[in-house]
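Worksheet: the structure to be examined is printed underneath.
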There are 2 protein chains.
Amino acid sequence: MKRQTKQRDLVVTALTKARGFVSAQALHASMTHSGSTISLATVYRALTDMVGEGDVDSLLSLEGENLYRACSSNGHHHHLMCRECGATVEIDAKPIEEWSRAQAAAYNFTDVEHVVDIFGLCSQCA
Amino acid sequence: MKRQTKQRDLVVTALTKARGFVSAQALHASMTHSGSTISLATVYRALTDMVGEGDVDSLLSLEGENLYRACSSNGHHHHLMCRECGATVEIDAKPIEEWSRAQAAAYNFTDVEHVVDIFGLCSQCA
DNA sequence: ACCTTATTGAGAAGTCTTTTCAATAACGCT
DNA sequence: AGCGTTATTGAAAAGACTTCTCAATAAGGT
Ligand SMILES: [Mn+2]
Ligand SMILES: [Mn+2]
Ligand SMILES: [Zn+2]
Ligand SMILES: [Zn+2]
């Protein structure tokens with residue numbers, strides 16, 4: 001059975017305090033800076049579990065690094081993210097969903113999933 | 001000045017023969033299998049250069065690996081790709097471009113770029 | 001042919017992530 | 001509260017992908 005540990009709680013807290021998407025390493029660094037002695041491996045494990053349970057969103061940065069965020073929206077949605085500070089806006093995109101489905105159907109692709117994210121500079125970082 | 005080498009030509013040839021998107025490592029493996037003694041580093045260098053010159057498209061797989069393809073379309077476009085065999089369909093997405101711009105503007109984001117790719121199983125792999 | 005220097009091959013190194021395994025601690029039970 | 005089971009942890013090793021280093025090679029202009 002799944003156990004509730006201090007470490008997992010700390011990861012949740014730290015992730016919630018983060019402004020936007022953060023990497024596992026950045027999160028671990030900030031936790032360490034705050035006095036925690038949690039290991040990097042445990043941060044990775046916690047984030048991976050949370051993503052699997054749907055409590056946390058993840059996406060690949062343009063550099064191929066996994067970033068994580070405790071999103072407020074529950075359902076499927078997309079992101080507009082500042083590539084400088086990580087600030088993130090959650091956006092619904094019904095037209096995208098339709099478009100994606102239509103394209104897949106048109107070319108007889110099944111079991112489809114789409115990656116749709118927008119990266120830019122927020123007004124503060126611009 | 002840029003020099004034309006046998007190795008670069010071989011990479012172009014191998015990439016063109018590939019059905020869809022392939023990783024640098026897969027491409028190198030297939031070239032090696034075909035008798036070439038080109039080094040992996042050179043394959044990476046060639047692909048990186050070609051992407052920079054706009055002759056080759058690249059995208060991040062869902063696992064975070066860089067994949068490459070010699071696309072037929074010149075301009076900006078997106079991809080519907082089989083996650084099993086790499087087979088790829090190039091798709092225009094005017095509505096997506098508009099939508100992307102609109103979202104960025106609405107939230108005062110500048111210097112935006114979007115990642116829009118659809119992954120699934122092609123009819124053969126399904 | 002010769003010279004200059006961009007390019008190559010081979011391996012080392014870098015970065016992100018997962019795995020291993022012995023030690024620890026969460027939680028159900030008494 | 002005490003106990004036993006076993007999920008979880010920390011630390012280090014390993015794995016995967018990519019880039020870098022540097023001496024040797026070869027492209028291409030003269
Ligand atoms: Mn989200
Ligand atoms: Mn393309
Ligand atoms: Zn910003
Ligand atoms: Zn396929």
Side-chain angles (χ1 to χ4, degrees), chain A residues 1-15 18 21-53 55-69 81 83 86 115 117 119, chain B residues 1-15 18 21-53 55-69 81 83 86 115 117 119:
Chain A
M1 67 297 288
K2 186 176 53 180
R3 294 177 183 177
Q4 171 176 332
T5 67
K6 295 177 179 179
Q7 288 88 342
R8 274 166 162 69
D9 287 346
L10 286 174
V11 171
V12 173
T13 301
L15 190 61
F21 275 88
V22 287
S23 68
Q25 312 229 19
L27 197 63
H28 177 253
S30 80
M31 295 175 75
T32 298
H33 191 266
S34 301
S36 170
T37 60
I38 189 173
S39 78
L40 177 58
T42 296
V43 173
Y44 271 108
R45 289 187 278 236
L47 291 173
T48 300
D49 288 355
M50 292 167 185
V51 169
E53 290 157 16
D55 300 327
V56 166
D57 275 18
S58 71
L59 60 79
L60 274 176
S61 74
L62 295 173
E63 292 77 35
E65 187 177 23
N66 275 116
L67 305 181
Y68 304 86
R69 180 167 194 253
M81 173 184 154
R83 77 171 72 86
V115 175
D117 293 301
F119 300 90
Chain B
M1 67 297 285
K2 185 174 53 178
R3 294 178 184 175
Q4 172 175 331
T5 68
K6 296 176 180 180
Q7 289 87 343
R8 272 166 163 72
D9 287 346
L10 286 173
V11 171
V12 172
T13 301
L15 190 61
F21 275 88
V22 287
S23 69
Q25 313 229 19
L27 197 62
H28 177 254
S30 80
M31 295 175 75
T32 298
H33 190 267
S34 301
S36 170
T37 60
I38 189 173
S39 78
L40 177 58
T42 295
V43 173
Y44 271 108
R45 288 186 279 236
L47 290 172
T48 300
D49 288 356
M50 292 168 184
V51 169
E53 289 156 18
D55 300 326
V56 166
D57 275 18
S58 72
L59 60 77
L60 273 176
S61 73
L62 294 173
E63 293 77 35
E65 188 178 19
N66 275 115
L67 304 181
Y68 303 87
R69 179 165 196 256
M81 173 183 154
R83 76 170 74 83
V115 175
D117 293 301
F119 300 89

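Every chain is numbered from 1, with letters handed out A, B, ... down the list of sequences.
The side chain to side chain donor-acceptor pair (under 3.5 Å) contacts involving residues 25-37 of chain A comprise Gln25(A)-Tyr44(A), where partners must be two or more places apart or lie in separate chains.
Counting heavy atoms from C-beta outward, Val12(A) and Met50(A) have side chains that approach closer than 4.5 Å. The side-chain heavy atoms of Asp57(B) and Phe21(B), taken from C-beta on, include a pair separated by under 4.5 Å. Looking at Arg8(B) and Val11(B), their side chains never come closer than 4.5 Å, going by heavy atoms from C-beta outward.
Remark: Val115(A) engages Asp117(A), Leu62(B), Val115(B), Phe119(B) in a side chain to side chain contact (heavy atoms under 4.5 Å, CB included) (not counting sequence neighbours). Scanning for side chain to side chain contact (heavy atoms under 4.5 Å, CB included) contacts around Glu53(A) gives Lys2(A), Asp49(A), Asp55(A), with sequence neighbours left out. Every residue two or more places apart in sequence or in another chain that forms a side chain to side chain contact (heavy atoms under 4.5 Å, CB included) with Ala14(A) is listed here: Leu27(A), Met31(A). For Ser39(A), the side chain to side chain donor-acceptor pair (under 3.5 Å) partners at least two apart in sequence or on another chain are Thr42(A).
Minimum interatomic distance between Leu40(A) and Ala24(A) (heavy atoms only, all atoms of both residues): CD1-O, 4.2 Å. Considering all non-hydrogen atoms of both residues, Leu60(A) and Ser61(B) come closest at CD1-O, 3.3 Å.
For the pair Arg8(B) CZ and dG9(C) P, the computed distance is 11 Å after rounding to whole Å.
Comparing the end axes of the helix from dA1(C)-dT30(D) to dT30(C)-dA1(D), each fitted to five base pairs by superposing C1' atoms of four pairs onto the next four, gives an inter-axis angle of 40° (nearest 10 degrees).
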inquiry  = Within the 4.0 Å limit for protein heavy atoms, which parts of nucleotides 18-30 of chain D are touched? Write it as a string from 5' to 3', B for base, S for sugar-phosphate only, - for none.
reply    = BBBB----BBS--
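For the segment residues 28-39 of chain A, the set of residues with a heavy atom within less than 4.0 Å of an atom of DNA chain D comprises Thr37(A), Ile38(A), Ser39(A), in numerical order.
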